[in-house]
There are 2 protein chains.
Amino acid sequence: MEQLRETLKGHHLRTTTCREDVLSAFINKKNALSHGDLEGALGESYDRVTIYRTLKTFLEKGIIHKVLDDEGLRYALCSHQCSEEKHQHDHIHFKCSICGKTNCLENLHIPNVALPQGYQPASFNLLIQGTCPECVAE
Amino acid sequence: MEQLRETLKGHHLRTTTCREDVLSAFINKKNALSHGDLEGALGESYDRVTIYRTLKTFLEKGIIHKVLDDEGLRYALCSHQCSEEKHQHDHIHFKCSICGKTNCLENLHIPNVALPQGYQPASFNLLIQGTCPECVAE
DNA sequence: AATATTATGCAACAACGTTGCATTTAATGT
DNA sequence: ACATTAAATGCAACGTTGTTGCATAATATT
Ligand SMILES: [Mn+2]
Ligand SMILES: [Mn+2]
Ligand SMILES: [Zn+2]
Ligand SMILES: [Zn+2]
């Protein structure tokens with residue numbers, strides 16, 4: 001509870017119940033969330049627009065990052081302190097085709113790639129789709 | 001021209017002008033295209049819905065594949081004969097932040113990743129964002 | 001408590017995508 | 001060439017997703 005306020009203040013954001021609740025949702029569910037997921041999780045508490053704006057703000061401040069997906073964008077917490085100035089993500093995302101959940105594999109780094117002459121890489125997104133441990137066990 | 005018909009027949013599709021034009025667009029522009037891009041390129045020739053359906057059909061038949069993007073899905077030609085039964089893609093996509101174009105780097109394969117126990121990978125999508133050779137030269 | 005600044009809700013709108021159905025078109029066999 | 005069959009198209013209607021402007025409410029600061 002108090003930790004939420006700390007995180008928000010740490011990123012120079014005012015504490016509002018919507019921001020607390022959205023942040024809280026990201027912390028509790030551990031998988032990546034879409035705008036729709038949040039709308040579902042938070043019920044009628046907040047206007048759709050406010051959730052869009054909260055996501056945008058969190059993105060800009062480095063609280064969350066985008067997770068690419070073949071059926072729509074999702075978002076997940078930035079684990080290691082990203083800031084407004086610098087987002088740094090080189091970890092892998094895994095989407096389970098069975099349970100549908102997408103997770104950050106924080107300690108799995110994207111391997112280096114030797115690009116052809118002239119390409120200047122800046123950021124990387126690797127999504128692996130398949131079956132997650134829970135659904136393999138089934 | 002005749003080649004287009006060949007490709008369509010090869011994937012057991014009827015030849016229609018819309019399909020020819022969409023396929024042609026993918027071949028001429030070499031970068032990945034969104035539904036909107038196609039709508040723009042083809043003008044008022046075809047109904048929006050028909051283009052959606054054409055994309056869906058091409059996807060199913062293995063003529064095009066999805067290209068993940070942080071601002072919306074795009075599509076690109078499958079170079080090596082994919083079919084309805086089997087899509088096989090392990091190449092890298094590069095999106096230029098300056099010109100905005102996304103391209104398949106067909107001969108750059110996604111490196112192997114040692115996933116933790118229990119994860120069963122099935123498909124891979126790697127998007128690298130940065131500056132493309134043309135825009136670097138500038 | 002008063003003030004300045006920021007966030008929210010609401011309404012209206014635009015963009016994107018889907019479905020059902022009547023009509024047109026393409027492929028096939030005669 | 002023509003009739004038949006199956007598939008593709010256009011249109012209308014609708015649903016979802018995302019954006020913008022503005023008045024109101026809430027937060028942080030003095
Ligand atoms: Mn992540
Ligand atoms: Mn590709
Ligand atoms: Zn799963
Ligand atoms: Zn470029």
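Order of the sequence lines fixes the chain letters, A, B, ..., with proteins taken first and strands second; residue numbering starts at 1 for each chain.
Using a 4.0 Å cut-off between charged side-chain N and carboxylate O, A:Lys95 and A:Asp70 make a salt bridge. In summary, B:Arg74 and B:Asp37 engage in a salt bridge, as defined by a charged side-chain N under 4.0 Å from a carboxylate O.
What separates CG of B:Leu42 from C1' of D:dG10 is a distance of 15 Å, to the nearest Å. For the pair A:Tyr46 OH and D:dT24 C1', the computed distance is 18 Å after rounding to whole Å. Spacing between atom CD1 of A:Ile51 and atom P of D:dT19 amounts to 14 Å, rounded to whole angstrom units. In this entry the distance linking NZ of A:Lys66 with C1' of D:dG18 reads 12 Å, nearest Å. B:Leu55 has its CG atom 12 Å from the P atom of D:dT9, to the nearest Å. Distance A:Arg74 CZ to D:dT17 P: 11 Å, rounded to the nearest Å. C:dT25 atom P lies 15 Å from atom CZ of B:Arg19, rounded to whole Å. Rounded to a whole Å, the CZ atom of B:Arg14 is 13 Å from the P atom of D:dT5.
For CG of A:Asn28, the number of neighbouring non-hydrogen atoms (other residues, nucleotides, ligands) closer than 6.0 Å is greater than 12.
Side-chain nitrogen and oxygen atoms of B:Thr54 include none within less than 4.0 Å of the OP1 or OP2 phosphate oxygen of D:dA8. Not one side-chain nitrogen or oxygen of A:Thr50 sits closer than 4.0 Å to the OP1 or OP2 atom of C:dA7.
In summary, the aromatic rings of B:Phe94 and A:Tyr119 are positioned with their centroids under 6.0 Å apart.
Atom NE2 in A:His109 sits 13.0 Å away from atom CG in A:Leu126 (nearest 0.5 Å).
The residue among B:Lys9 and A:Leu13 whose nearest nucleotide of DNA chain C is located toward the 5' end is A:Leu13. Position along DNA chain C of the nearest nucleotide to A:Thr57 versus B:Thr17 favours A:Thr57 as the more 5'-ward residue.
Side-chain heavy atoms closer than 4.5 Å link hydrophobic residues (I, L, V, M, F, W, Y) into clusters, and following such links, even through other members, never connects B:Ile92 to A:Leu68.
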Problem set entry | Heavy-atom protein contacts under 4.0 Å, nucleotides 11-24 of chain C, coded B base, S sugar-phosphate only, - none | B----SBBBB----

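The aromatic rings of B:His87 and B:His89 lie tilted to each other, with the angle between the two planes from 30° to 60°.
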